[in-house]
Amino acid sequence: MQDVKSMTLAELTAAVQEAGLPKFRAKQIYEWLVKGVNSFDEMTNLPKDLRATLSQHFTLSTAVIRRKLVSQLDGTVKYLFGLADGHCVEGVVMHYHHGHTLCLSTQVGCRMGCSFCATGMQGLTRNLTAGEMLSQITTAQNDLDLRINHVVLMGMGEPLDNYDQTLRFLELVTAEDHLNISARHISLSTCGVVDKIDLLAKAGFPLTLSISLHAPNDQLRDTLMPINRKWKVDTLLNACKEYVDQTGRRISFEYILIDGVNDTPACANQLAAKLKGMLCHVNLIPANPVPGKTHAGACRKAALAFQKQLCDRGINATIRRTLGSDINASCGQLKNTSEQE
Ligand code: SAH
Ligand code: SF4
(Lines give C-alpha, C1' and ligand atoms only; values in the text may rest on other atoms or scores of the structure.)
(Ligands and ions follow the chains in the order given, each with its own letter.)
Protein backbone atom coordinates (compact mmCIF):
# COMPACT_ATOMS: atom_id res chain seq x y z
CA MET A 1 0.00 0.00 0.00
CA GLN A 2 1.20 3.50 -0.82
CA ASP A 3 1.79 6.20 1.78
CA VAL A 4 -0.44 9.20 1.06
CA LYS A 5 1.83 11.57 2.99
CA SER A 6 4.69 10.90 0.58
CA MET A 7 2.64 11.84 -2.50
CA THR A 8 2.38 15.09 -4.42
CA LEU A 9 -1.15 16.38 -5.01
CA ALA A 10 -0.98 15.18 -8.61
CA GLU A 11 0.05 11.67 -7.51
CA LEU A 12 -2.59 11.59 -4.82
CA THR A 13 -5.25 12.66 -7.32
CA ALA A 14 -4.30 9.84 -9.67
CA ALA A 15 -4.22 7.31 -6.82
CA VAL A 16 -7.60 8.43 -5.47
CA GLN A 17 -9.16 8.04 -8.90
CA GLU A 18 -7.57 4.64 -9.34
CA ALA A 19 -9.19 3.58 -6.07
CA GLY A 20 -12.55 4.50 -7.65
CA LEU A 21 -13.07 7.68 -5.64
CA PRO A 22 -14.04 11.09 -7.01
CA LYS A 23 -11.17 13.37 -7.92
CA PHE A 24 -12.16 16.29 -5.68
CA ARG A 25 -11.52 14.17 -2.59
CA ALA A 26 -7.77 14.28 -3.27
CA LYS A 27 -7.53 18.01 -2.50
CA GLN A 28 -9.46 17.55 0.75
CA ILE A 29 -7.20 14.69 1.84
CA TYR A 30 -4.05 16.62 0.87
CA GLU A 31 -5.09 19.60 3.00
CA TRP A 32 -5.42 17.33 6.03
CA LEU A 33 -2.02 15.81 5.34
CA VAL A 34 -0.38 19.24 5.24
CA LYS A 35 -1.96 19.93 8.66
CA GLY A 36 -0.24 16.81 9.94
CA VAL A 37 -3.09 14.43 10.81
CA ASN A 38 -2.12 11.01 12.15
CA SER A 39 -5.06 8.99 10.82
CA PHE A 40 -7.74 9.02 8.13
CA ASP A 41 -10.30 9.28 10.93
CA GLU A 42 -9.12 12.79 11.73
CA MET A 43 -10.30 13.90 8.27
CA THR A 44 -13.65 14.94 9.68
CA ASN A 45 -15.07 16.54 6.53
CA LEU A 46 -14.93 13.16 4.76
CA PRO A 47 -17.81 10.66 5.15
CA LYS A 48 -17.05 7.79 7.52
CA ASP A 49 -17.27 5.10 4.85
CA LEU A 50 -14.84 7.04 2.67
CA ARG A 51 -12.33 7.20 5.53
CA ALA A 52 -12.68 3.43 5.90
CA THR A 53 -12.13 2.91 2.16
CA LEU A 54 -9.02 5.08 2.29
CA SER A 55 -7.48 3.07 5.11
CA GLN A 56 -8.05 -0.10 3.05
CA HIS A 57 -6.21 1.35 0.06
CA PHE A 58 -3.48 3.51 1.57
CA THR A 59 -1.14 3.93 4.52
CA LEU A 60 -0.53 7.25 6.26
CA SER A 61 2.91 7.69 7.82
CA THR A 62 3.20 9.34 11.22
CA ALA A 63 5.74 10.56 13.76
CA VAL A 64 4.13 10.83 17.18
CA ILE A 65 5.73 12.14 20.35
CA ARG A 66 7.14 9.34 22.49
CA ARG A 67 9.31 11.53 24.71
CA LYS A 68 9.94 15.24 24.94
CA LEU A 69 12.66 17.16 26.76
CA VAL A 70 12.69 20.95 27.07
CA SER A 71 15.89 22.84 27.86
CA GLN A 72 15.62 25.08 30.91
CA LEU A 73 18.49 27.15 29.46
CA ASP A 74 17.20 28.17 26.04
CA GLY A 75 13.87 26.43 25.35
CA THR A 76 15.37 23.95 22.88
CA VAL A 77 13.01 20.98 22.57
CA LYS A 78 14.19 17.47 21.90
CA TYR A 79 11.71 14.86 20.70
CA LEU A 80 11.79 11.13 20.41
CA PHE A 81 9.31 10.43 17.61
CA GLY A 82 7.60 7.05 17.38
CA LEU A 83 6.93 5.70 13.87
CA ALA A 84 4.05 3.42 12.86
CA ASP A 85 6.19 0.26 13.01
CA GLY A 86 7.43 1.02 16.53
CA HIS A 87 10.85 2.38 15.58
CA CYS A 88 11.97 5.76 16.91
CA VAL A 89 13.94 8.72 15.61
CA GLU A 90 14.97 12.03 17.14
CA GLY A 91 14.28 15.65 16.26
CA VAL A 92 15.28 18.94 17.87
CA VAL A 93 13.56 22.34 17.71
CA MET A 94 15.82 25.34 18.26
CA HIS A 95 14.61 28.92 18.67
CA TYR A 96 16.59 31.67 16.97
CA HIS A 97 15.90 35.36 16.36
CA HIS A 98 15.10 34.48 12.73
CA GLY A 99 12.54 31.85 13.69
CA HIS A 100 12.23 28.21 14.63
CA THR A 101 14.46 25.49 13.23
CA LEU A 102 13.78 21.76 13.26
CA CYS A 103 16.68 19.35 12.99
CA LEU A 104 15.06 16.18 11.64
CA SER A 105 16.01 12.56 10.99
CA THR A 106 16.12 10.85 7.60
CA GLN A 107 16.82 7.23 8.63
CA VAL A 108 16.34 4.94 11.61
CA GLY A 109 20.02 4.56 12.50
CA CYS A 110 22.77 4.96 9.93
CA ARG A 111 25.14 2.57 8.19
CA MET A 112 28.03 5.01 7.77
CA GLY A 113 29.69 4.07 11.08
CA CYS A 114 31.49 7.33 11.91
CA SER A 115 33.62 6.69 14.97
CA PHE A 116 32.38 9.65 17.05
CA CYS A 117 28.64 9.31 16.36
CA ALA A 118 25.92 7.88 18.60
CA THR A 119 23.64 7.17 15.62
CA GLY A 120 26.39 5.33 13.78
CA MET A 121 26.66 2.87 16.69
CA GLN A 122 23.15 1.60 15.92
CA GLY A 123 23.70 0.60 12.31
CA LEU A 124 20.92 1.16 9.78
CA THR A 125 17.46 -0.18 10.56
CA ARG A 126 15.58 1.44 7.67
CA ASN A 127 15.06 4.53 5.57
CA LEU A 128 12.35 7.01 6.50
CA THR A 129 9.67 7.87 3.98
CA ALA A 130 9.24 11.47 2.84
CA GLY A 131 5.96 11.42 4.77
CA GLU A 132 7.76 10.50 7.99
CA MET A 133 10.18 13.40 7.50
CA LEU A 134 7.26 15.79 6.93
CA SER A 135 5.44 14.37 9.96
CA GLN A 136 8.34 15.35 12.22
CA ILE A 137 7.76 18.97 11.16
CA THR A 138 3.97 18.95 11.50
CA THR A 139 4.07 17.11 14.84
CA ALA A 140 6.52 19.66 16.27
CA GLN A 141 4.51 22.58 14.86
CA ASN A 142 1.26 21.29 16.29
CA ASP A 143 2.79 20.47 19.65
CA LEU A 144 4.49 23.84 20.11
CA ASP A 145 1.86 25.89 18.28
CA LEU A 146 4.38 27.68 16.08
CA ARG A 147 5.57 27.58 12.49
CA ILE A 148 8.85 25.87 11.70
CA ASN A 149 10.53 28.00 9.04
CA HIS A 150 14.01 26.47 8.89
CA VAL A 151 14.81 22.81 8.50
CA VAL A 152 18.16 21.07 8.85
CA LEU A 153 18.59 17.45 7.76
CA MET A 154 21.11 16.77 10.50
CA GLY A 155 19.29 14.40 12.81
CA MET A 156 19.70 10.65 12.68
CA GLY A 157 20.73 9.11 9.39
CA GLU A 158 22.54 10.01 6.20
CA PRO A 159 20.10 11.86 3.91
CA LEU A 160 22.02 11.06 0.73
CA ASP A 161 21.96 7.34 1.61
CA ASN A 162 18.16 7.73 1.37
CA TYR A 163 18.30 9.89 -1.72
CA ASP A 164 14.92 9.24 -3.36
CA GLN A 165 12.80 9.86 -0.27
CA THR A 166 14.94 12.86 0.70
CA LEU A 167 14.39 14.42 -2.73
CA ARG A 168 10.68 13.70 -2.49
CA PHE A 169 10.67 15.34 0.94
CA LEU A 170 12.40 18.43 -0.50
CA GLU A 171 9.89 18.63 -3.31
CA LEU A 172 6.93 18.44 -0.91
CA VAL A 173 8.22 20.62 1.91
CA THR A 174 9.05 23.47 -0.47
CA ALA A 175 5.77 23.22 -2.45
CA GLU A 176 3.55 26.29 -2.20
CA ASP A 177 0.48 24.17 -1.52
CA HIS A 178 2.37 22.16 1.12
CA LEU A 179 4.49 23.43 4.04
CA ASN A 180 5.99 26.06 1.72
CA ILE A 181 9.36 26.26 3.45
CA SER A 182 11.85 28.03 1.21
CA ALA A 183 14.74 25.84 -0.01
CA ARG A 184 16.99 28.70 1.10
CA HIS A 185 15.92 27.88 4.64
CA ILE A 186 16.91 24.22 4.35
CA SER A 187 20.31 22.67 5.07
CA LEU A 188 21.24 19.15 4.13
CA SER A 189 24.18 17.60 5.94
CA THR A 190 26.12 14.69 4.49
CA CYS A 191 29.21 12.69 5.39
CA GLY A 192 30.16 12.94 1.70
CA VAL A 193 28.23 10.57 -0.56
CA VAL A 194 29.92 11.94 -3.66
CA ASP A 195 27.78 10.42 -6.41
CA LYS A 196 24.64 11.80 -4.76
CA ILE A 197 26.20 15.25 -4.24
CA ASP A 198 26.62 15.34 -8.03
CA LEU A 199 22.95 14.41 -8.48
CA LEU A 200 21.79 16.92 -5.90
CA ALA A 201 23.65 19.71 -7.69
CA LYS A 202 21.56 18.96 -10.77
CA ALA A 203 18.27 18.66 -8.87
CA GLY A 204 18.08 22.44 -8.60
CA PHE A 205 17.09 23.07 -4.97
CA PRO A 206 18.83 26.24 -3.72
CA LEU A 207 19.47 24.68 -0.31
CA THR A 208 22.61 24.85 1.81
CA LEU A 209 24.81 21.82 1.50
CA SER A 210 26.72 20.98 4.67
CA ILE A 211 29.63 18.61 4.41
CA SER A 212 30.75 16.76 7.53
CA LEU A 213 34.45 16.94 6.84
CA HIS A 214 36.03 16.58 10.31
CA ALA A 215 39.56 15.94 8.98
CA PRO A 216 41.80 17.63 6.39
CA ASN A 217 43.64 14.52 5.18
CA ASP A 218 42.90 10.91 4.24
CA GLN A 219 45.04 9.36 6.93
CA LEU A 220 42.96 10.93 9.67
CA ARG A 221 39.58 10.93 7.91
CA ASP A 222 39.94 7.19 7.13
CA THR A 223 40.07 6.49 10.86
CA LEU A 224 37.08 8.71 11.74
CA MET A 225 34.73 8.18 8.81
CA PRO A 226 34.63 4.87 6.92
CA ILE A 227 33.08 6.59 3.87
CA ASN A 228 36.49 8.16 3.28
CA ARG A 229 37.78 4.77 2.18
CA LYS A 230 35.43 5.03 -0.79
CA TRP A 231 35.67 8.75 -1.57
CA LYS A 232 38.90 10.47 -0.57
CA VAL A 233 39.13 14.02 0.77
CA ASP A 234 40.25 15.45 -2.59
CA THR A 235 37.48 13.63 -4.47
CA LEU A 236 34.94 15.00 -2.00
CA LEU A 237 36.31 18.54 -2.23
CA ASN A 238 36.25 18.38 -6.04
CA ALA A 239 32.57 17.38 -5.88
CA CYS A 240 32.02 20.36 -3.57
CA LYS A 241 33.71 22.74 -6.03
CA GLU A 242 31.54 21.34 -8.79
CA TYR A 243 28.48 21.85 -6.57
CA VAL A 244 29.41 25.50 -5.98
CA ASP A 245 30.00 26.02 -9.72
CA GLN A 246 26.66 24.48 -10.65
CA THR A 247 24.50 26.08 -7.97
CA GLY A 248 26.32 29.28 -6.98
CA ARG A 249 25.61 28.31 -3.37
CA ARG A 250 28.20 28.55 -0.62
CA ILE A 251 29.13 25.23 0.98
CA SER A 252 29.17 24.81 4.71
CA PHE A 253 31.82 22.50 6.17
CA GLU A 254 31.15 20.94 9.55
CA TYR A 255 34.27 20.23 11.54
CA ILE A 256 33.86 18.67 14.98
CA LEU A 257 36.87 19.30 17.16
CA ILE A 258 38.04 16.18 18.99
CA ASP A 259 40.61 16.80 21.69
CA GLY A 260 44.11 15.83 20.56
CA VAL A 261 42.85 14.14 17.38
CA ASN A 262 41.93 16.73 14.75
CA ASP A 263 42.23 20.02 16.63
CA THR A 264 45.98 20.54 16.22
CA PRO A 265 47.61 23.57 14.54
CA ALA A 266 48.85 21.22 11.80
CA CYS A 267 45.25 20.17 11.04
CA ALA A 268 44.10 23.80 10.92
CA ASN A 269 46.90 24.60 8.46
CA GLN A 270 46.07 21.67 6.21
CA LEU A 271 42.39 22.48 6.30
CA ALA A 272 43.03 26.11 5.33
CA ALA A 273 45.19 24.97 2.42
CA LYS A 274 42.57 22.51 1.18
CA LEU A 275 39.70 25.00 1.30
CA LYS A 276 41.59 27.95 -0.14
CA GLY A 277 39.65 29.72 -2.87
CA MET A 278 36.39 27.83 -2.31
CA LEU A 279 33.11 29.64 -1.65
CA CYS A 280 32.59 28.15 1.80
CA HIS A 281 32.14 28.57 5.51
CA VAL A 282 33.52 26.35 8.28
CA ASN A 283 31.42 25.50 11.33
CA LEU A 284 33.60 24.39 14.22
CA ILE A 285 31.77 22.20 16.74
CA PRO A 286 33.38 20.89 19.92
CA ALA A 287 32.65 17.12 19.80
CA ASN A 288 29.92 15.89 22.13
CA PRO A 289 30.89 13.03 24.39
CA VAL A 290 29.04 9.81 23.53
CA PRO A 291 28.59 6.98 26.07
CA GLY A 292 30.70 4.03 24.99
CA LYS A 293 33.13 6.21 23.01
CA THR A 294 36.37 7.57 24.36
CA HIS A 295 36.70 10.83 22.41
CA ALA A 296 36.51 14.18 24.19
CA GLY A 297 35.52 17.55 22.81
CA ALA A 298 38.24 20.13 22.30
CA CYS A 299 38.43 22.83 24.96
CA ARG A 300 37.31 26.40 24.26
CA LYS A 301 40.93 27.59 24.00
CA ALA A 302 41.83 25.02 21.33
CA ALA A 303 38.64 25.83 19.40
CA LEU A 304 39.43 29.57 19.42
CA ALA A 305 43.01 28.93 18.31
CA PHE A 306 41.80 26.66 15.48
CA GLN A 307 39.29 29.28 14.36
CA LYS A 308 41.91 32.03 14.41
CA GLN A 309 44.27 29.98 12.26
CA LEU A 310 41.57 29.47 9.64
CA CYS A 311 40.48 33.10 9.67
CA ASP A 312 44.10 34.32 9.43
CA ARG A 313 44.35 32.34 6.20
CA GLY A 314 41.19 33.84 4.80
CA ILE A 315 38.83 30.95 5.58
CA ASN A 316 35.53 32.02 7.07
CA ALA A 317 35.04 30.03 10.31
CA THR A 318 32.75 30.25 13.33
CA ILE A 319 32.40 28.18 16.47
CA ARG A 320 28.87 26.87 16.71
CA ARG A 321 26.84 27.99 19.68
CA THR A 322 25.60 24.98 21.61
CA LEU A 323 21.88 24.90 22.34
CA GLY A 324 20.10 22.58 24.71
CA SER A 325 23.29 21.40 26.38
CA ASP A 326 21.29 20.39 29.49
CA ILE A 327 19.12 17.98 27.45
CA ASN A 328 21.87 16.47 25.33
CA ALA A 329 20.34 18.01 22.23
CA SER A 330 22.64 16.41 19.68
CA CYS A 331 21.07 13.47 17.96
CA GLY A 332 21.31 9.75 18.50
CA GLN A 333 21.64 9.75 22.25
CA LEU A 334 18.05 9.99 23.44
CA LYS A 335 17.15 6.93 21.41
CA ASN A 336 20.08 5.00 22.83
CA THR A 337 19.24 5.86 26.44
CA SER A 338 15.51 5.20 25.90
CA GLU A 339 16.27 1.76 24.53
CA GLN A 340 18.49 0.99 27.53
CA GLU A 341 15.65 1.98 29.87
N1 SAH B 1 24.69 11.88 8.33
C2 SAH B 1 24.77 13.28 8.14
C3 SAH B 1 23.77 14.08 8.93
C4 SAH B 1 23.50 13.62 10.32
S5 SAH B 1 24.83 13.79 11.46
C6 SAH B 1 26.18 13.76 8.38
O7 SAH B 1 26.98 13.01 8.90
O8 SAH B 1 26.48 14.90 8.02
C9 SAH B 1 24.76 15.55 11.76
C10 SAH B 1 26.07 16.16 12.25
O11 SAH B 1 26.36 15.74 13.59
C12 SAH B 1 27.26 15.74 11.40
O13 SAH B 1 28.06 16.86 11.09
C14 SAH B 1 27.97 14.81 12.33
O15 SAH B 1 29.30 14.66 11.98
C16 SAH B 1 27.73 15.45 13.68
N17 SAH B 1 28.03 14.60 14.82
C18 SAH B 1 27.91 13.27 14.95
N19 SAH B 1 28.34 12.86 16.15
C20 SAH B 1 28.74 13.96 16.81
C21 SAH B 1 29.31 14.19 18.10
N22 SAH B 1 29.54 13.20 18.97
N23 SAH B 1 29.62 15.46 18.44
C24 SAH B 1 29.38 16.49 17.59
N25 SAH B 1 28.85 16.33 16.37
C26 SAH B 1 28.54 15.08 15.97
FE1 SF4 C 1 25.78 8.54 9.97
FE2 SF4 C 1 26.19 11.18 10.01
FE3 SF4 C 1 26.49 9.70 12.24
FE4 SF4 C 1 28.26 9.47 10.27
S5 SF4 C 1 27.85 11.31 11.50
S6 SF4 C 1 27.32 7.77 11.39
S7 SF4 C 1 26.97 9.72 8.49
S8 SF4 C 1 24.60 10.03 11.14
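Only this structure's heavy atoms are used, side chains among them; waters, hydrogens and symmetry mates stay out. Counting starts at 1 for both ligands and their atoms, in listed order.
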Can [X] and [Y] be counted as an ion pair, charged N to O under 4.0 angstrom?
| X | Y | answer |
| --- | --- | --- |
| R126 | D85 | yes |
| R320 | E254 | yes |
| D234 | K274 | yes |

query: Between P286, C191, S210, G157, which one has a non-hydrogen atom sitting closest to atom 1 (N) of ligand 1?
result: G157
- prompt: Just going by heavy-atom distances, which of G297, C114, G155 is nearest to atom 5 (S) of ligand 1?
  reply: G155
- prompt: Is it the case that more than 12 heavy atoms not belonging to Q141 sit under 6.0 Å from its CD atom?
  reply: yes
Enumerate the atoms of ligand 1 whose separation from the nearest heavy atom of [X] is less than 4.0 angstrom.
| X | result |
| --- | --- |
| H214 | 13 (O), 14 (C), 15 (O) |
| V290 | 22 (N) |
| I256 | 24 (C), 25 (N) |
| S189 | 2 (C), 3 (C), 6 (C), 8 (O) |

query: Considering residues at least two apart in sequence or located in another chain, which fulfil the salt bridge (Lys or Arg N to Asp or Glu O under 4.0 Å) criterion with D161?
result: R111
- request: In sequence, state the C-alpha distance, the side-chain angles, and the governing distance for T8 and L12, and then conclude on side chain to side chain contact (heavy atoms under 4.5 Å, CB included).
  value: CA-CA 6 Å; T8 62; L12 183 63; over 6 Å; no
Please tell me whether [X] and [Y] form a close aromatic pair, meaning their ring centres lie under 6.0 Å apart.
| X | Y | value |
| --- | --- | --- |
| Y30 | H178 | yes |
| F253 | Y255 | no |
| H150 | H100 | no |

side-chain hydrogen bond (donor to acceptor under 3.5 Å, both in side chains) between H95 and T76, intermediate numbers included: CA-CA 7 Å; H95 311 290; T76 297; over 6 Å; no
task: Consider ligand 1: state whether an atom of it lies below 4.0 angstrom from any non-hydrogen atom of C110.
output: no
task: Please say whether E254 places an N or O atom under 3.5 Å from an N or O atom belonging to ligand 1.
output: no
query: For ligand 1, is there an N or O atom under 3.5 Å from any N or O atom of A118?
result: no
query: What protein N/O/S atoms are found closer than 2.8 Å to atom 3 (Fe) of ligand 2?
result: C117 SG
message: Just to be sure I read this right, does ligand 1 sit under 4.0 Å from the backbone of T190, its side chain, both, or neither, counting only heavy atoms?
response: backbone
- prompt: Considering only heavy atoms of G113, which atoms of ligand 2 have at least one such atom less than 4.0 Å away?
  reply: 6 (S)
- line: d(W32 CH2, E42 CD) to nearest 0.5 Å is 8.0 Å
